[in-house]
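To start, the structure under review is shown below, and the notes come after it.
In listed order, ligands and their atoms are each counted from 1.
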Amino acid sequence: MSANKASFESKDGIAVIQFDNPPVNSLGLELRQAIVDGIERANADPSIHAIVLIGAGAGFSGGADIGEFGSSKASTQPHLITVISTVEASAKPVIAAISGVCMGGGLELALGCHYRIAAAGAKIALPEVKLGLLPGAGGTQRLPRLIGAEAALNMIVSGATVPAEKLRGTPLFDAFVEGDLLDSAIALARRVIAEKRGPRRVRDLQVNMPNHEAFFQFARNSAKAVAGRYPAPLACVDAVAAAFDRPFDAGVKRERELFTTLMLSPESAALRHVFKAERAASHILDVPSGTPARPVRQVGIIGAGTMGGGISMSFINAGIPVVLLEMSQEALDKGLATIRRNYGGALKKGSLTEAALEQRLGLITPTLDYARFKDVDLVIEAVFESMEVKRQVFQKLDQVVRQGAILASNTSALNLDEIANFTKRPESVIGLHFFSPANVMRLLEIVRGAKTANDVLATAMQLAKKTGKVAVISGVCEGFIGNRMVARYGAAAHDLIMAGALPEQVDKALEDFGMAMGPFRMGDLAGLDIGSAARKRRAEESPDKDWSNVADDLCQAGRLGQKTGAGFYRYEAGSRTAIPDPAVTLIIEKYRKQKGITARKISNVEIVERCIYALINEGARIVEDGIAQRSSDIDVVYLNGYGFPVWRGGPMFYADQVGLSEVARSLRQIAAQPQADKSFWTPAPLLARLAQEGKQLSEYKGSEK
Ligand code: NAD
């Protein structure tokens, strides 16, 4: 049998085809071929009377092999559709024995079988909509024939995972078993043979729904309301509707047409890219995949402020006990009270019970004493952003924390290698850069110091998974990946208001592009004083450069952002709605005058081009410098930490879609303008080279060489 992806065994007249393609029996080419071979072999063998399909390991099948997407294997016969029609056409009854995961193409295959039997705990889903697609192997035609229009539509449009148990009583499942699944499936096969029931094909079932047109019109309206930019939910409705207004084969044809259209849509291309990018990000290039992680049973956290509190919540939510240390009882009490308050929303919604909350809070041991860190396996500091404070903390940690434990910093901007060298164990020091609010934001930048050990990196990656984060490895540089890029984006936005645009125009243009929030609204939210203080520090370090920014003038006028009710915008008391403010226009005009700038008219196209291309250009430098392992890691950072629109796939994917030669051409055009900062706008060498070679950023394997 093909590459041993499935075994074939005859058990007293019943053929058992067992999938064996770990981890989830995805339906790659070899397994597809093995199933077809097995069905043909069973049908050709007169001693066989029925066939059982069953999965080894994690369950029946997790569906298509995503790794095959875009490769020649994906388009090599037998396609999944061929496999399913072979199964369905089998003259001998085929029974799907379903346990664990039965999703996507896996469920479509089960729907092509003549009988289905489920083990306790089996889960089913048609999640294709999450990749901007629809089930394209007959799922939209067969599922409604078994569970009705409404239930099928809910599953297909939401992509949600449903316990098989929930569909007990529908013709989807012929039996549920508590004991051994294979034994029960064989017993069912014997009954089917004894009762001469023969193959029962879902395609032959009639669907009837009076008023189905009105039902589907209502469904279309609901899907439209939630779909936003994505065409897939609506296409899902159209495909399921086809099951009700035409014969099976015509319905399948309609499903195929809709699937093909979605497959070619930029939204689906972006979602598929993001799916792959998040998986690729967890792969650390020069750390062998079997590297054992250090055990982390208890975590120490220093600082119960904004970040320390949120980081503590991430760990206790994952059931990992935390020792939380502060400088004073007052700060500790305040931090704990904030943590409790932050759970208020979940309590109100009912997604968390009082008892569960107390149990989680019980995982925190508050302390003022470093000695309580003696048994922790990892300490994360989230104290003030000052090298001197970090020095004191790390020297202390080096004394009290056991050897082998990991020491981590949540610094946003300080040099991790310098911090590591405060200790005698720089190999155990790492950056864990969480984003605010840390209990909500999925992104984690894992900052790899010059001496960080491989097993420390592997441990951090594993912890990220346990706490539900998506982690990206970053080298040490100013701002790491995300903040280094956003600095360029912010600078480009500032240039635009200097040149003649207003904050509201810049924000609107970028929000229309799809950014969750424009840069000036974002500045107001974060607080303008943070950037202002950083610029002051840099101006002291390199006084020959002009570090001034109109935000400094706003700060001087007491406009620090939302927290003072005014920044680049004004805010009504208690409201977060940004209201354009003529007073800001005056401050900007005054600033332009001081700098001798004459305002010009700026188009929205120019705004988007400058801000997004500035991001892309810095991203290319980051990849070339080896700070990011691959360009798709940058997309993961920007999508999960900075509100880049998912349907555009991230800045680097977007650059590849626009075409690097077009991006490079625009950057050169901006660089050639008289007032332009040439070093800022000249295309990064990597970008220029790939553009010239007609290649994409996604093809660059720089640090993988
Ligand atoms: P914060 O001011 O809200 O909290 C800092 C806390 O640390 C305070 O409660 C303070 O009492 C405590 N602290 C200070 N020195 C201490 C010491 N020596 N021992 C014990 N406790 C001490 O600050 P924050 O926003 O939570 O930032 C903390 C760190 O996280 C900084 O390095 C910051 O750059 C980084 N960071 C912040 C953000 C953000 O958005 N706020 C995002 C990522 C990273």
Notebook entry, point to check: Would K469 and E445 pass as an ion pair if we require N to O under 4.0 Å?
Noted result: no
Margin query: Please enumerate all residues that pass ring-ring contact (aromatic ring centres under 6.0 Å, His included) together with Y613, with sequence neighbours excluded.
Written below: none
Below 3.5 Å, can you tabulate the donor-acceptor pairs from side chains in residues 301-312 to any protein atom, sequence neighbours excluded?
from, atom 1, to, atom 2, distance (Å)
S312, OG, G308, O, 2.8

Check: Can a donor-acceptor pair be found between the side chains of S542 and D544 at a distance below 3.5 Å?
Finding: no
Checklist line | D377-Q298 side chain donor-acceptor pair, cut-off 3.5 Å | finding: no
Under 3.5 Å, side-chain donor or acceptor atoms of residues 362-373 against the rest of the protein: list the pairs with distances, not counting sequence neighbours.
from, atom 1, to, atom 2, distance (Å)
T367, OG1, D369, N, 2.9
T367, OG1, D369, O, 3.4
D369, OD1, A371, N, 2.9

Extract all N/O-N/O pairs under 3.5 Å that connect ligand 1 to the protein, and present each with both atom names and the distance rounded to 0.1 Å.
from, atom 1, to, atom 2, distance (Å)
ligand 1, 3 (O), T306, N, 3.0
ligand 1, 3 (O), T306, OG1, 3.1
ligand 1, 9 (O), E326, OE2, 2.5
ligand 1, 11 (O), E326, OE1, 2.8
ligand 1, 11 (O), E326, OE2, 3.2
ligand 1, 26 (O), T306, N, 3.4
ligand 1, 26 (O), M307, N, 2.8
ligand 1, 30 (O), N410, ND2, 2.9
ligand 1, 32 (O), V383, O, 3.3
ligand 1, 32 (O), E385, OE1, 2.6
ligand 1, 32 (O), K390, NZ, 2.7
ligand 1, 34 (O), E385, OE1, 3.0
ligand 1, 34 (O), E385, OE2, 3.3
ligand 1, 34 (O), S412, OG, 3.0
ligand 1, 36 (N), S412, OG, 3.2

